[in-house]
Amino acid sequence: MKWQPHSAYWSSASTFFTFFLTWSFCYSLFPLWLNQTLGLSGKETGVVFAINAMAALLIMPAYGVLQDRLGTGKQLLFALGILMASVGPFFIYVYQPLLESAFLIGAIVGAVYSALTFGAAVGTLEAFIERVGRQHSVEFGKARLWGSLGWAVATFIAGGLFNIDPRLNFAFATGTGIVFILCLFWLPKSTSQASSKTNKVGLGDVLALFKLSRFWRLSVYVMGVSCLYQIYDQQFPIYFASLFSSQEEGNRFYGYLNSLQVFVEAGMMFVAPYIVNRIGPKYGLLLSGAIMAIRMLASGLVVDPVSISFVKLLHALELPILLVAIFKYIVAHFDARLSTTIYLIGFHLFTQVVTTLLSSIVGELYDELGFTDSYLLLGSVVTVNLILSFWLLESTGPTTNQKPAKMTGG
């Protein structure tokens, strides 16, 4: 657990920081923008999230395979940078007018842009830096904590800007997107050629994943625990703001609270590798899932701003453990050459499948049952799936020197 002083660490950290800074300016208050600025209902907001997830679902596999073939080539990341630098004009002059005049068309166009820029891109960036980190002795969690800091900084500012004019957040996002491009030039080059015959990833390698029982056992956890948690979290800002005397006050306090949560999350990113190495990736995933279930159930039981604020802060504990544990679980049980593809398909893609299927349904539940009853229902389902995952996930010891499993057998 030594501090990482070299350029590989700081270049990875700055890249994460600017990516999440840009993403947060656009999406930390995205549900409030849909609900308060555009006047969408809970069901319509759910439809937007569902279409966003569907677009990410379709784009993510291509991103994963392409980045695995590029290895640590940065061509794809530069393309993402261009999209990030264009996000302000897109939201202000394309996305909002389309959602107001032609909702379905606007939702589809926005979903494709969102997936290309953030939804499908985040997994690619995380897997890319995790791979570079393994080559340059940079612990992923210590670099990823700067992504959390970037999200926190933007969220702290975004709440106040939103009350002035939501378009200011999108303008700031364009500026930070330009800085992201500059950070990419600093990232180190690969220490090996990803295109060599022995390391080249082919379609057969990807298809072989679906024949592995351990791949599907991991997927049960992803779809039944972490996916449902993300659906729960989609419209949480709307519920949080409704507990205050005015929307403006709720928006402002949500920005402050979310910023505090992510600052704590950043600190946990530094600690999470130690925790996961200590208990193993399986129990890291289970611990993260248990915190998710507790937060969801508690959200259905407490109804005052102070209590719900403490519940919100639980997110700072589960996310760092989840991110570190999922990568270590993949490296311990699968071919490390396919780490990007497995992470994107086994984690992000399946998340988008469930989000696509359930977002509008859960959004309608919010309209019909209310937030608290819906949270209790979702939390109960996650608890059942977490118990099932205890039996399905494979155990490993400390992962520091763990060798990746070969792509043979189950």
Side-chain angles (χ1 to χ4, degrees), residues 28-32 34-36 40-50 53 155 220-247 249-251 253-258 260-262 264-265 268 285-322 351 354-390:
S28 62
L29 300 180
F30 184 64
L32 298 179
L34 294 175
N35 178 259
Q36 298 178 15
L40 301 187
S41 66
K43 182 178 181 179
E44 288 172 328
T45 300
V47 169
V48 171
F49 278 109
T155 304
V220 170
Y221 170 87
V222 171
M223 291 187 286
V225 179
S226 64
C227 292
L228 292 181
Y229 179 79
Q230 292 194 37
I231 293 173
Y232 144 82
D233 218 29
Q234 286 175 349
Q235 300 193 40
F236 184 83
I238 298 172
Y239 173 60
F240 182 88
S242 71
L243 300 178
F244 289 79
S245 57
S246 68
Q247 285 185 342
E249 184 182 18
N251 296 343
F253 273 94
Y254 181 80
Y256 296 154
L257 178 66
N258 198 23
L260 173 61
Q261 171 232 300
V262 183
V264 177
E265 178 184 302
M268 277 298 298
L285 292 175
L286 293 175
L287 175 60
S288 175
I291 299 172
M292 293 179 195
I294 291 170
R295 183 187 166 198
M296 295 171 73
L297 292 170
S299 296
L301 297 174
V302 300
V303 293
D304 63 281
V306 175
S307 298
I308 204 69
S309 296
F310 281 106
V311 170
K312 168 66 175 169
L313 290 177
L314 288 176
H315 187 70
L317 305 180
E318 59 86 11
L319 181 61
I321 297 173
L322 172 65
T351 296
V354 176
T355 302
T356 300
L357 295 175
L358 296 183
S359 287
S360 60
I361 296 174
V362 173
E364 192 167 6
L365 278 179
Y366 293 148
D367 290 336
E368 298 296 329
L369 299 181
F371 282 99
T372 54
D373 288 342
S374 299
Y375 289 158
L376 288 173
L377 177 61
L378 288 173
S380 300
V381 174
V382 165
T383 301
V384 171
N385 284 305
L386 185 64
I387 295 171
L388 181 61
S389 296
F390 175 83

Please list all pairs meeting salt bridge (Lys or Arg N to Asp or Glu O under 4.0 Å) that have one or both residues in [range], counting only residues at least two apart or in different chains.
{"range": "residues 376-390", "value": "none"}
{"range": "residues 220-229", "value": "none"}
{"range": "residues 220-232", "value": "none"}

Centroid-centroid distance, Y229 to H315, less than 6.0 Å: yes
Residues two or more places apart in sequence or in another chain: which of them pass side chain to side chain donor-acceptor pair (under 3.5 Å) with [X]?
{"X": "S299", "result": "Y232"}
{"X": "Q36", "result": "N251"}
{"X": "E249", "result": "S245"}

N385 side chain to V225 main-chain N or O, any donor-acceptor pair under 3.5 Å? no
Is a side-chain N or O of E44 found less than 3.5 angstrom from the main chain of S41, in a donor-acceptor match? yes
Looking at [atom1] of [X] and [atom2] of [Y], how far apart are the two atoms once the value is rounded to the nearest 0.5 Å?
{"X": "M296", "Y": "L301", "atom1": "CE", "atom2": "CG", "answer": "12.5 Å"}
{"X": "I238", "Y": "T45", "atom1": "CD1", "atom2": "OG1", "answer": "5.0 Å"}
{"X": "L358", "Y": "I231", "atom1": "CG", "atom2": "CD1", "answer": "4.5 Å"}
{"X": "E265", "Y": "I321", "atom1": "CD", "atom2": "CD1", "answer": "11.0 Å"}
{"X": "L228", "Y": "L377", "atom1": "CG", "atom2": "CG", "answer": "9.5 Å"}
{"X": "I308", "Y": "F244", "atom1": "CD1", "atom2": "CZ", "answer": "10.0 Å"}

Please give me the minimum heavy-atom distance between [X] and [Y], naming the atom from each residue.
{"X": "P237", "Y": "L32", "answer": "O-CD2, 3.7 Å"}
{"X": "L243", "Y": "V303", "answer": "CD2-O, 3.7 Å"}
{"X": "G255", "Y": "T155", "answer": "O-CG2, 3.4 Å"}
{"X": "S309", "Y": "F240", "answer": "OG-CE1, 3.6 Å"}

Go through the structure and list residues passing ring pair (Phe, Tyr, Trp, His ring centres under 6.0 Å) with F49, not counting sequence neighbours. F30
Who pairs with Y256 by ring pair (Phe, Tyr, Trp, His ring centres under 6.0 Å), at least two apart in sequence or on another chain? F156
Might you work through the side chain to side chain contact (heavy atoms under 4.5 Å, CB included) test for Y366 and K43, ending with a clear yes or no? CA-CA 8 Å; Y366 293 148; K43 182 178 181 179; over 6 Å; no
Taking side chain to side chain contact (heavy atoms under 4.5 Å, CB included) as the test, write out the residues that go with S360, two or more places apart. V47
Scan residues 233-244 for pairs that pass side-chain hydrogen bond (donor to acceptor under 3.5 Å, both in side chains), counting only residues two or more places apart or in two chains. D233-R295, Q234-S359
Taking only residues at least two apart or on different chains, which pairs with a member in residues 367-384 satisfy side-chain hydrogen bond (donor to acceptor under 3.5 Å, both in side chains)? none
Side-chain donor-acceptor distances from residues 285-294 under 3.5 Å, at least two apart:
residue, atom, partner, partner atom, Å
S288, OG, E318, O, 3.0

